[in-house]
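Working notes, structure below.
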Amino acid sequence: MSDLGSILDIIQRPFQLEGKTEYQDKAVIGGLGAYVTNWVDKACENIPPEKTGLLKNLADLFRDYSEIPPNVRKARLQEASSIIGQLRGQASDAPEKPADDAPSEAKRVPVETSQDTDQLAALLTSVKYVKGIGPKRAQLLAEELGIHTIGDLLEYYPRDYLDRSQFKPIYQVGQSGEYETIQGVVVNQMEFTSRRSTKVLKVIVYDETAVASLIAFGKRTQYMKMSLKTDTKVVVSGKFKRSYNEISTSEYTYEVLSDEDAELIHTGRIVPVYPLTAKLNQRSLRRWLKEIVDQYAFYVPEILPLDIRKRQKLIDKSQAVKNIHFPETEQARKKARRRLAFDELFFLELGMALKKEKWGTEEPGISFQPRSDLLQKFISSLPFELTSAQKRVFAEIEADMKSGRCMSRLLQGDVGSGKTVVAAMAMLLAVDNSYQSALMAPTEILAEQHYITLTNLLEPIGIRVVILRGDMAKRDKDDALSQILTGEANIIVGTHALIQSGVEFANLGLVITDEQHRFGVMQRAELKGKGTNPDVLVMTATPIPRTLALTVYGDLDVSVIDEMPPGRQKIITKWVAEGKRQEMYKFIEDQIAQGRQAYLVYPLVEESEKLEDLKAATEMAEHFQHEVFPHLKIGLIHGRMRAEEKQEVMQRFKNNEINILVSTTVIEVGIDVPNASLMLVEHAERFGLAQLHQLRGRVGRSHHKSYCLLVANPKNTDAVARMKAMTRTTDGFEIAEEDLRIRGPGEFFGTRHAGMPDLKAANLLRDGKLLELARDEAFQIIADDPALTKSEHQMLKQILQEKWRENLEMASIG
Ligand code: ADP
Ligand code: MG
């Protein structure tokens, strides 16, 4: 037992228990005082006397340990930990050690994984008991941020940090062009009015090396004048400039220091910056968090099994909680974030794994078997050969359907990749087993399109396809409903109308949703509930970046059609400036002269089509008909038209009786007119990327060279980024990644996607790799211990039940 590191381990070992037992000095027999001094003496024997200074300091902290009150003991232990950290830093001063590693973390002995679920209780204490908060502010926290407990508050992570660990003397700043931090005292204020009659305030700060001027303009001057009176101590972080011997800044943040800052909450360290609301200020939040981190971070139980922590090189949970708020170094902050992000992703995936496991064991599905040559007949009736991607994906679906387990699979494929045919094949397999299939689409027009496509494909081989629409005449509706009920209808296509209460199926065996992220999981569930454990296939054309697929659809198996049918042309996409309109018309004219057709889309969202917008589209159609292309046939289609009207216009477009179809976004999905080779989008800057990509997917469906013209006048950088992405690539995955980058995950799916987890530390854009690691570990645990019955998994189970209850239910529906 000679080396210092091991002795430090021994010294530190009872600290945690001491904390858990409220600092009653019961962690070791004979008391911590005797224990620590004894071990310090041993350590001193082994190192040169000139290096024993810190060890002596450590021992000094414990000499009167048995006599001091618990709160003082606590402070002593904290200080002791910090000294031990420094000692470890010295001990491991080997050259390979990264210089910025947090000394107190080096060689830390990982804490044991807790199995005591009661430990979570301390974190459920109301924040109103925290020093400095009290009932009134607790209510404010609840109202403003939904924070009730200490655990909630501990999870209120900083949005940013200011590195105030290193102040620069003022005489040195202003040379690097970087942000720099100074600390000083206000010695003067000067106010004047600029030539353009703006108010200007100069606050002069002095730090015994030099003075710097903080410059403020206009409104800001009032507040600054109040808060930065002479003699105020202040920390300023900003970009400093030097000119005419003056050091000044007009790009800065500052904070007034008060006496409490002796504790170094707001300065002298890497300082957390919390997201604020109008009623909460930075300093209060920081103070409260400092208080609870000091008091309670200790109580945060270690929940991850040790082997996972070791494998994934994760620091202890309580350490992570402490360091996410008040990191000693940048390195420590990064490690803390990684650990906390891992936890979030791990629990998310643990939920997914459990759900998937449940699918496999608890929900017996229908075992569909090929009974006749129906499928074969269908495949040979197709005017084309299936792509190998289609064949592979169907084989995956078929394997699921044949097995006795419930299928819950995501079928992903870019627009035009041929998902519908694959879906039709799956439905045929169900029909072959005397089961019905339902296909639910997000819009009437898409349902209509599916209905036409499926009717064309399947009626020739004797399959009955019916459609159920919201706006059907009562007679037709009753007729459809009775066919669904009797089983006469083999395949039922529809919108939400399918999940209404009057709809009863004879024997629903397969549920397909074509969703474009438009259905909530609940709706999928309702449709599933119309059958008895039907198989579920979710089709989506918007390629989902893998990280998102793993979180939102993490409990589904995924099949990807990653190949386009042969002979497709790459769509040429151009961003057209308003000034080039005439040239563009000429180009359209040429294309139509060659026999092609064009779509012209106006940026209206179907559900919210306002009358004036419709008027614009209608006027545009008329303008085209009378002034631009008088000799061509212009058609108009929009969401306010009745289904039959829409149907009729579509049919005429299909028959090439209409050259240019002016439309609102109703054509966004599903329309299939191979001869149309030109897509013109007006006000393209108003569309989202996914939508633009969908629109573009309407062309390029044949061997004809195809074009997508985006007339756009973007007013912000996001819109410019969208136009650039569209012209750069036609790859749906790239588009989706870009979209995710521009909008962030929440927006990407929209509020309709209720399954989006609320991640606080993790970031789906950056943490793709961590997510996969977390997923592997989570699935491994569930594979070993499917019901989480092992004692070392009790904590996981408990947290999972509390934290993700809602999400589990959400995720539970394929
Ligand atoms: P998605 O639903 O994925 O957007 P569709 O199933 O609507 O794509 O198919 C787009 C077009 O490609 C349709 O006209 C369809 O008939 C055709 N198609 C599908 N599979 C193939 C194939 N293997 N070879 C040639 N054309 C195909
Ligand atoms: Mg389709």
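When a ligand or atom number is given, it counts from 1 through the structure's own listing order.
- Contacts with ligand 1 closer than 4.0 Å are made by heavy atoms of both the backbone and the side chain of Thr387.
- The distance from ligand 1 to the heavy atoms of Arg701 drops below 4.0 Å at these ligand atoms: 4 (O), 7 (O), 10 (C), 11 (C).
- Residue Gly416 places at least one N or O, backbone or side chain, under 3.5 Å from an N or O of ligand 1.
- Residue contact check: Leu386 has heavy atoms under 4.0 Å from atoms 23 (N) of ligand 1.
- For the ligand labelled ligand 1, residue Gly413 lies outside the 4.0 Å heavy-atom shell.
- Ligand-side atoms of ligand 1 in range of Thr420: 2 (O), 5 (P), 6 (O), 7 (O), range being under 4.0 angstrom from any heavy atom.
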Report the C-alpha separation of Tyr585 and Phe624 in whole Å, then their side-chain angles, then the decisive distance to 0.1 Å, and conclude whether the ring-ring contact (aromatic ring centres under 6.0 Å, His included) test is met. CA-CA 10 Å; Tyr585 289 159; Phe624 270 86; 5.4 Å; yes

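- Using modelled atom types and a 3.5 Å distance limit, the side chains of Glu589 and His631 yield a donor-acceptor pair.
- Heavy-atom proximity to Gly418, at under 4.0 Å, picks out these atoms of ligand 1: 1 (P), 3 (O), 5 (P), 6 (O), 8 (O), 9 (O), 19 (C).
- Evaluated for a side chain to side chain contact (heavy atoms under 4.5 Å, CB included) with Tyr599, the options Val673, Leu695, Ile637 yield exactly one hit, Val673.
- Those atoms of ligand 1 that come under 4.0 Å of a heavy atom in Glu385, given as number and element, are 22 (C), 23 (N), 24 (N).
- No part of Met539 comes within 4.0 Å of ligand 1, judged by heavy-atom distances.
- Between Glu682 and Arg581, at least one side-chain nitrogen of the basic residue sits less than 4.0 Å from a carboxylate oxygen of the acidic one, meeting the salt-bridge criterion.
- By the 4.0 Å N-to-carboxylate-O rule, Asp590 lies close enough to Lys586 to be salt-bridged with it.
- Taking 4.0 Å as the cut-off between side-chain N and carboxylate O, Arg469 and Glu448 count as a salt-bridged pair.
- Salt bridge annotation for Lys377-Asp432: absent, with no cationic side-chain nitrogen under 4.0 angstrom from a carboxylate oxygen.
- Within the 4.0 Å heavy-atom criterion, the part of Asp414 lying near ligand 1 is the backbone and not the side chain.
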